[in-house]
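Inspection log for the structure reproduced underneath, given as structure tokens.
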Amino acid sequence: MDFIEPAAAADRHTAAPASYLRRSFVVPHPVASATLRATACGVYQLFLNGVRVGDRVFPPGFTQYDRRLQVQSYDVTPLLRPGANALGVVLGDGWYRGRLGVHSRRNVYGDTLKFALSLDIVDAAGDHHVVRSDERWKASQDGPIRSSDWKDGEHYDARREFDGWATADFDDSAWAPVRPSSHGATLIEDEGDPIREHERFTPQLLHTPDGSRVLDFGQNLFGYVGFTLRCEAGREVRLTHGEVLDEHGNFTLDNLVPEGSFGLNHAPKQQVVYVTKNGEQRYQPSFTGHGFRYAKIDNWPEPIVADDFRAIAVYSDLRETGHFTCSNDLVNRFVENVQWSRKSNFVDIPTDCPTRERAPWTGDIGVFARTASYLADTRRFLTKWLRDLVLVQNDDGSVPNFAPAIGWPTRRLDGSAGWGDAIVIVPDTLFDMYGDPEVLSITWNAMLRWVNFLERRAARSSLWSLGRRNPHIIDTGYHWGEWLEPGHAMSRDFLRNLVHPDAEVATAYYAHALRRVAHAGRVLGHENDAARCDALAARVMAAYRERFTRDGLVHSSRPCRYVRPIALDLLPEADQIANAAALNRKVIDNGYRIGTGFLTTPFILGVLTRFGYLDTAYRMLENTQRPGWLYPVTRGATTVWENWNGIDDVGVPRDSMNHYAFGAAAGWLFSDVAGITPLEPGFRRIRLQPHPGGSLTWVRCSYDSVAGTIRSHWQRGEHGETHFEFEVPQPAEVCLPDGRRLDVAAGRHTFTCVA
Ligand code: BGC
């Protein structure tokens, strides 16, 4: 496909007007079939004879644009007619040229938008006609979208709308010719799941204490607001989007600037500026989205009618596969919140949050991939992402913090333990959940290069460990560490990590990566590599035990130090048993509140369950005190917060309200409470091992695995017994709380236990 460029390069600091491109053409005969293929450097909307083509939002999505660019195909047969036709395209900055990531850098992939299209028409006589993106197209930047930015929002002047601009009759004599262009990346068919509009929410109108008018849509989400307005021309109305109200009940964006970030974090403006035309008008943004539940309205003509506004949730269209409900409604809302954080952060790429950074952080999806794969069919979405991750891996094998790249200014922070490991953890998880070794083949070389990098890194020692050097301990490089334990602030964690890398975390993940790579190697038939990784892992584990435990026992005030070696199976069984007992005591002493951060919170409930501390696990889950998973629910949260201090007792909101990492604990409800896990990759054999407990009197759970739908339902009886009902599409091993272990065939099975 040939590329064309509509306009001059963008300024580095400001968002440019959208470009409108058009071309008319003649179709001589009735059309039998017509397929349109399109892509852009930027984001595009496509029109044929004035009608919007397709229902995708923000095509072509986000890939490592300098290496690969997705092409979308549309069947446009019904939109064409014999005679004069016209194509119209609007191009916005999107991820290509709009603000990206932590530092909100612009023009990360280039400063000029480009577009390519080919329309293949077969007429009734069987003849082919092709319309291409060529110099016959014309362009204008004088249209209504005066600027659009991925993070800052959109400025739309309705007085500048070009009536009928994408129809054949439009007079484009004032429009400028386009320039031929080129783009070096490989063009690929769409690999992800299309981004689409989903749920719609009508707001309540709030009058906040500071005198503002704020719409409350009742759900935090990623998307935009569509509105209807009756007005005279020339009024500039503004909608600013935020996630939360402050301690006084006023609209705020302050939570999007982390404490102590020294102005390095540019808070997204998340603002729509709309200039009215005359009469009744409708608008919704084209090329921007916001993370929000609230929208503050300024300069709106009275009266403000709540029903004139709709929040529209926008996310990649993954099939939802997991459903969990139980007798505790707070737990049910927690599961919904996790699902909402997944939706809001699955917009073609997995992001940390849909507001402050919107960045495809490796570590976040590393901790969340398994839970996400219970909630939705993540195969296409995450495999697409892994292909970008493989592409951005550095020559030395270290793995950056993001894929695709977002213009992070230094490579010094690449290769962090628990973050870079996503290159192993995500494919390993996908293989386990879906059973297709292809994902391991795609990432195999990258995984091997990553562990080779770690081996070289371990061979170096930091000044901190002078005198006790060990070539299997990693104590150099930058590591985010456990990250955001209760009471921790991001800026302090970051500065401490710069000076003092957390060798415990780094060495634990080194051993873990080696063993998962060994596993992948055995699946793929790379026996020598597998044996080498296993042997090295054994030495790293021995070094870990020697350095970070006293004869196998952990001594630390931090629960993460206990959870990690157990969850990653780094110690001999007897040590694990003793450390699990110590962890259990710690959790009880802490009043069942959470004491872990980013990396081990997803594991703690599973670890407690595995070593017989089910009661502790349930009390932790059901605890409504801060820090705890249900505390945000009691504060009205509709998504998962980034920080355990998300909203404190006074009501001050801190950091993002929509990070899925801590919500990874919802996976435990599927794997342990309902007890659905793959005994063989892809659920070819299933284990059903439910763990009734806590205050729960019943659980209903279903999971649409690749092998078919699995259901697990249990209910407490009146006399202390529990009734179980299972449905499995494949043979399964059933493990009941009374110790029975049975093999069952595909079908429905019921059991009663008096435990
Ligand atoms: C992001 C995270 C990310 C982290 C690195 C934060 O600013 O929002 O979720 O993983 O930095 O530790």
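Note that the numbering runs from 1 along the sequence shown for the chain. Both counts, for ligands and for their atoms, begin at 1 and track the order of listing. On a predicted model such as this, the values are computed, not experimentally measured, just so you know.
- Protein residues lining ligand 1, listed by chain and number: Asp352, Arg356, Glu357, Trp361, Asp364, Trp419, Trp480, Trp483, Met490, Phe598, Glu642, His659 [non-hydrogen atoms, distance under 4.0 Å].
- There is no side-chain donor-acceptor pair under 3.5 Å between Tyr660 and Gln339.
- Checked against the 6.0 Å centroid threshold, Trp480 and Trp361 count as a close aromatic pair.
- The six-membered or imidazole ring of Phe201 lies near that of Trp340, with a centre-to-centre distance under 6.0 Å.
- Sorted by first and then second residue, the salt bridge (Lys or Arg N to Asp or Glu O under 4.0 Å) pairs with a member in residues 411-430 read Asp428-Arg516; sequence neighbours excluded.
- Annotation: salt bridge (Lys or Arg N to Asp or Glu O under 4.0 Å) contacts involving residues 500-511, sequence neighbours excluded, comprise Asp502-Arg561, Glu504-Arg561, Glu504-Arg564.
- Applying the salt bridge (Lys or Arg N to Asp or Glu O under 4.0 Å) test to residues at least two apart or on different chains, the pairs with a partner in residues 336-354 are Glu199-Lys343, Glu320-Lys343, Arg333-Glu336, Asp348-Lys384.
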